[in-house]
Amino acid sequence: MADIFVNIAPYFKLSLLLGTSLIILCWLSYFVRFVYQQEVKVLTSLYTSYIVYSVSILFWVLSNAYFHSSLLVGLGDDAGILMARAANIFSYMAFVCAFHFSCKVTSEYKNHQLPKWQWGLIGLATLYSVPINLMSGYTVIGIDITAQSDFILHFGSGTPLFFFTILLFFFLTLSNLFWYGLKKSQIKRLKVTYMAAGIIIFMISTTLVHLFATLILNDFSMTWLPPALSISELLFMGYAVVCNRFYSWRYLLHIGSSLALTLGVYFTFLAWSFDGFNMQEEAFELVLLGALMVIGTWRLTWKVARSISSVLIYGSIKDPTDKIAGLVDDFQTSTEQAMEKLAGILHVDKALLVLDANSNDLYSSVLNQTRSALLVKEVEYEVSSQPNTKLHAIRDKMLKSNTAMILPLHDKQDTLSYFIMSSGKRDGSLFTNEEISALQKLLKKAWPYIHNERKVQHSQAMAKSIAHEMRNPLAQVQLHLEKISELTARFPETTPNLANEEWTDLEARLAQEINRGRDAIQRGNLLIDATLHEAHDLYLNQDSLGYYSVVELINKALDDYAYGSEAFTSRVQFEPEEQDYLVHANDTMFSFILFNLLRNALHYFDDYPKSYIEIKLKTGEKFNQILFKDYGPGIDPKVVERIFDDFFTHQKYDGSGLGLSYCKRVMTLFDGSIHCQSVYGKFTEFKLVFPKVASNVRRENDDSNLVDTNSLRDYLAGVQLPESSIKEGIQVLVTDDNKGQRALTRIYLEQLGAMVHEAENGLQAVKFVEKHPVDIVFMDIQMPVLDGLAATKQIKLLKPTLPVIALSGESGKREIDKINQLMDGRLSKPTSKQLLDKTIRQYF
């Protein structure tokens with residue numbers, strides 16, 4: 001095995017050097033293109049210096065490749081001596097260009113002009129080093145060639161001083177970068193660090209091999225190593241010139257060690273294979289086996305090696321980039337929680353999602369161009385390097401808002417839609433390139449979830465606004481009903497000529513209409529609550545359920561549904577063939593389910609004139625069923641399994657895709673289920689399955705609050721609580737910006753015997769409490785001038801024990817949590833007299 005390595009070593013060295021040359025050429029072409037695109041005249045001389053330096057490195061590498069090729073033996077001693085002298089000159093040029101480049105970087109003069117003493121030093125050293133390598137008898141005076149890559153050079157009297165000159169430029173270059181790095185910004189210090197790292201690798205290897213190994217030890221076996229390592233200096237320095245954003249050293253060490261561990265596994269396998277195989281007879285089998293092993297195990301080996309490296313370097317099985325990438329699942333659940341986790345991973349105080357990129361024109365105008373991110377340190381560096389009015393404005397705005405990073409989110413059409421804005425790191429360090437890259441990949445994957453959550457938030461806000469506006473007219477209707485009740489109580493006095501039977505009939509009809517009005521208001525408020533609960537992903541609880549006759553529920557829903565025409569009504573058939581049974585449900589939500597099924601079926605009635613709906617009941621030992629059968633177009637078999645999914649809709653362009661999914665959730669609340677069976681082109685049947693209810697359970701509407709039609713006066717007397725139900729003269733403050741809501745609440749409270757005061761907003765409420773005695777406050781939340789939560793905070797500072805009860809239509813989890821933390825109770829509006837009485841009784 002040792003003989004095999006000896007035989008392939010020259011070819012390996014030559015391949016490495018030629019590969020290095022190819023990489024340098026590719027990098028140079030990219031660098032030249034980059035300089036051309038930048039069009040920065042101030043830095044042109046710096047770029048030119050780097051390009052000259054790169055070319056000198058390239059020639060030095062190629063001149064060294066000569067000694068590891070067959071030309072060394074073929075062309076003989078004289079050619080070998082010439083190439084050795086050429087290699088010395090190119091090596092000297094590389095060191096001088098590195099020093100010249102460091103002087104350009106650190107120069108504070110315009111256009112990076114070098115001071116005269118630096119030019120003088122370069123000129124004197126060049127006048128000595130180049131001629132002694134061109135003339136014979138001073139540096140390389142002879143060569144002994146044994147084989148390819150196997151040679152010994154003989155040096156002349158001028159060699160020590162020549163190597164001393166190279167060593168001098170090495171220390172001067174490091175000295176330049178060191179002093180420059182102490183005085184400048186973080187980015188400049190980081191640039192210097194990268195440059196110094198590349199120079200140290202290159203110059204130390206060159207000094208050790210060329211000075212000590214060859215000159216002192218007379219060992220030339222490692223002369224290929226410095227040229228091969230020169231690529232590190234070239235790439236590090238070029239990377240520092242081109243970029244303002246860098247990978248962290250820990251991450252580079254992490255990737256390097258992961259790669260070393262991975263390659264180590266395969267080299268170990270190859271070494272074992274060399275011992276176990278006959279290379280001459282089984283070379284093909286060995287190569288094939290090695291290729292199959294690498295292809296089949298590369299992903300797993302790399303993953304394990306990376307995990308081991310991460311534990312050693314970061315103390316965790318996942319490195320920061322893996323942790324950032326793993327946040328995509330958190331964005332799917334909650335953007336807010338994902339942003340909190342992101343702030344923790346980045347070690348920043350806050351990371352915010354800005355949902356309106358268009359409102360930040362200054363940032364948008366830059367990020368819509370070529371920039372992938374805005375980092376305040378990068379902007380500061382660019383401002384110091386080149387005049388740019390827009391960059392000055394961006395820097396000032398970011399510093400003023402304590403923003404260190406802005407990342408753009410683009411939609412599918414590559415239009416800027418949102419921003420991620422973050423404060424600076426707690427330890428003052430810079431954001432690294434691996435973090436920015438990982439964030440950009442994360443945001444690309446998370447954008448659909450962020451966008452969908454944004455749409456849901458819009459829908460929630462709209463539902464909240466609509467519900468808030470709907471409650472006000474409902475309160476007006478309820479207010480008018482209460483006034484009608486008061487007026488009808490005086491009918492016998494105002495209409496004495498009415499016959500007794502006429503009065504009884506009028507009394508019954510009025511009672512019936514009042515009941516229907518109140519019932520409609522109750523259903524409307526329940527539907528509002530259901531809408532808001534659904535919008536905020538909150539569900540009804542078991543407390544809202546009661547026991548109802550399924551026949552009565554179905555008849556009521558069919559009567560209440562708004563059909564398009566009488567013809568449509570006649571095509572809906574309800575045939576309770578089996579006996580009636582009880583269901584444990586919420587009557588309003590049950591109606592909502594039936595409304596959805598009716599609406600979906602009636603949608604096709606115009607296109608299918610012969611279609612009709614058939615509703616039947618079916619009882620069983622453990623479960624009862626409602627069979628809702630629509631003899632219409634049926635459902636495509638390809639989509640029938642998806643109809644209960646959220647946001648799924650098929651051939652209905654005005655639908656939200658939420659109706660049937662909500663029906664499924666409500667049926668789950670009822671401890672039941674809903675299923676669909678369809679024959680395309682014939683019918684669609686929905687089965688609503690309810691658990692069987694014991695016959696001895698008392699029905700909910702057996703104890704209802706329906707008005708007794710025998711006597712309206714008895715009813716009115718019955719619903720009015722005795723005046724002694726609460727303490728006489730309790731001082732109550734009602735705060736609401738809606739006049740109708742305040743008037744309704746006032747009527748109920750005055751009927752309960754309270755002294756009522758009113759305020760139109762939170763500020764008026766605070767001032768009233770400050771100057772007048774108040775026993776209890778009913779407070780709306782959304783109000784102008786000062787909202788209910790802010791007003792409650794101030795009231796609690798004035799009178800900590802004063803009960804403040806929320807009287808609002810809020811249903812969002814966050815709003816309810818704030819109400820529960822700050823206020824003493826909560827009532828939905830429009831409320832009822834019974835709930836107001838119950839609430840006041842808790843405190844008095």
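In what follows, every heavy atom counts, from backbone to side chain, and hydrogens, waters and symmetry copies are set aside.
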So, for Met779 and Gly788, which heavy atoms are closest and what is the spacing to 0.1 Å?
CG-CA, 3.7 Å

Are Leu669 and Leu545 close enough, and set up right, to give a side chain to side chain contact (heavy atoms under 4.5 Å, CB included), and what steps lead you there?
CA-CA 9 Å; Leu669 176 71; Leu545 306 185; 4.1 Å; yes

Quick check: closest heavy atoms across Val774 and Leu802, and the distance to 0.1 Å?
O-CD1, 3.2 Å

Using atom types as modelled and distance alone, determine if a side-chain donor or acceptor of Asp787 lies under 3.5 Å from a backbone N or O of Gln782.
no

I'd like to know whether Ile450 forms a side chain to side chain contact (heavy atoms under 4.5 Å, CB included) with Phe331, so could you lay out the CA-CA distance, the side-chain angles of the two residues, the decisive distance to 0.1 Å, and finally the verdict.
CA-CA 7 Å; Ile450 295 173; Phe331 274 103; 3.7 Å; yes

Taking the side chain as every heavy atom from C-beta outward, state whether Met339 and Leu352 have any atom pair closer than 4.5 Å.
no

How many angstroms lie between CD in Gln741 and CG in Leu807, if you round to the nearest 0.5 Å?
7.0 Å

Nearest 0.5 Å please: distance from the CZ atom of Phe778 over to the OG1 atom of Thr745.
8.5 Å

How long is the span from the CG atom in Leu327 to the CD atom in Glu340, to the nearest 0.5 Å?
11.5 Å

Using a 3.5 Å distance criterion without hydrogens, assess whether the side chain of Asp824 forms a donor-acceptor pair with backbone atoms of Ile805.
no

Could you tell me how the ring of Phe590 sits relative to the ring of Phe690: parallel (under 30°), tilted (30 to 60°) or perpendicular (over 60°)?
tilted

Is the closest side-chain heavy-atom distance between Ile674 and Val689 below 4.5 Å?
no

When you compare the side chain of Trp447 with that of Tyr418, does any pair of heavy atoms fall below 4.5 Å?
yes

Verdict with supporting geometry, Leu617 and Ile554, side chain to side chain contact (heavy atoms under 4.5 Å, CB included)
CA-CA 10 Å; Leu617 302 180; Ile554 294 175; 3.7 Å; yes

Counting C-beta onward and ignoring hydrogens, is there a side-chain heavy-atom pair between Arg742 and Glu760 closer than 4.5 Å?
yes

Does atom NZ (Lys793) have a neighbourhood of more than 12 heavy atoms from anything else shown, all under 6.0 Å?
no

Is there a side-chain contact between Leu749 and Val734, using heavy atoms and a 4.5 Å cut-off?
yes

I need the minimum non-hydrogen distance between Ala557 and Leu594, along with the two atoms involved.
CB-CD2, 3.6 Å

Asp580 side chain to Val551 backbone, donor-acceptor under 3.5 Å
yes

Once you round to the nearest 0.5 Å, how far does NZ of Lys838 lie from OG1 of Thr831?
11.0 Å

Given the ring of Phe628, does Lys687 sit roughly above its face, with NZ or CZ under 6.0 Å from the centre of the six-membered ring and within 45° of the axis?
no

Minimum heavy-atom distance between Asn596 and Cys663, given as atom pair plus value
CB-SG, 3.7 Å

Side-chain donor/acceptor of Lys664 to backbone N/O of Ser673, under 3.5 Å:
no

Is there a side-chain contact between Val328 and Tyr449, using heavy atoms and a 4.5 Å cut-off?
yes

Considering non-hydrogen atoms only, spot the tightest contact between Tyr363 and Lys397 and give its length.
OH-CG, 3.2 Å

With no hydrogens and no angle check, do the side chains of Asp780 and Thr735 hold a donor and an acceptor under 3.5 Å apart?
no

Return the minimal non-hydrogen interatomic distance between Leu822 and Leu789, and the atom names on each side.
CD2-O, 3.2 Å

Quick test of your reading of the model: are Arg841 and Asp837 salt-bridged, counting only N-O distances below 4.0 Å?
yes

Evaluate whether atom NZ of Lys796 has more than 12 neighbouring non-hydrogen atoms of other residues, nucleotides or ligands under 6.0 angstrom away.
yes

Mind checking the CG-OG1 spacing from Leu827 to Thr839? Nearest 0.5 Å is all I need.
4.0 Å

Should Leu558 and Val572 count as side-chain neighbours, where that means a heavy-atom distance under 4.5 Å?
yes

Is the NZ atom of Lys692 crowded by more than 12 outside heavy atoms at less than 6.0 Å?
yes

Decide yes or no for Phe670 and Leu688: does some side-chain heavy atom of the first lie under 4.5 Å from some side-chain heavy atom of the second?
no

Any chance you could measure Asp587, atom CG, to Ser549, atom OG, to the nearest 0.5 Å?
12.0 Å

Test Val583 against Asn624 for side chain to side chain contact (heavy atoms under 4.5 Å, CB included), laying out the working first.
CA-CA 9 Å; Val583 291; Asn624 298 324; over 6 Å; no

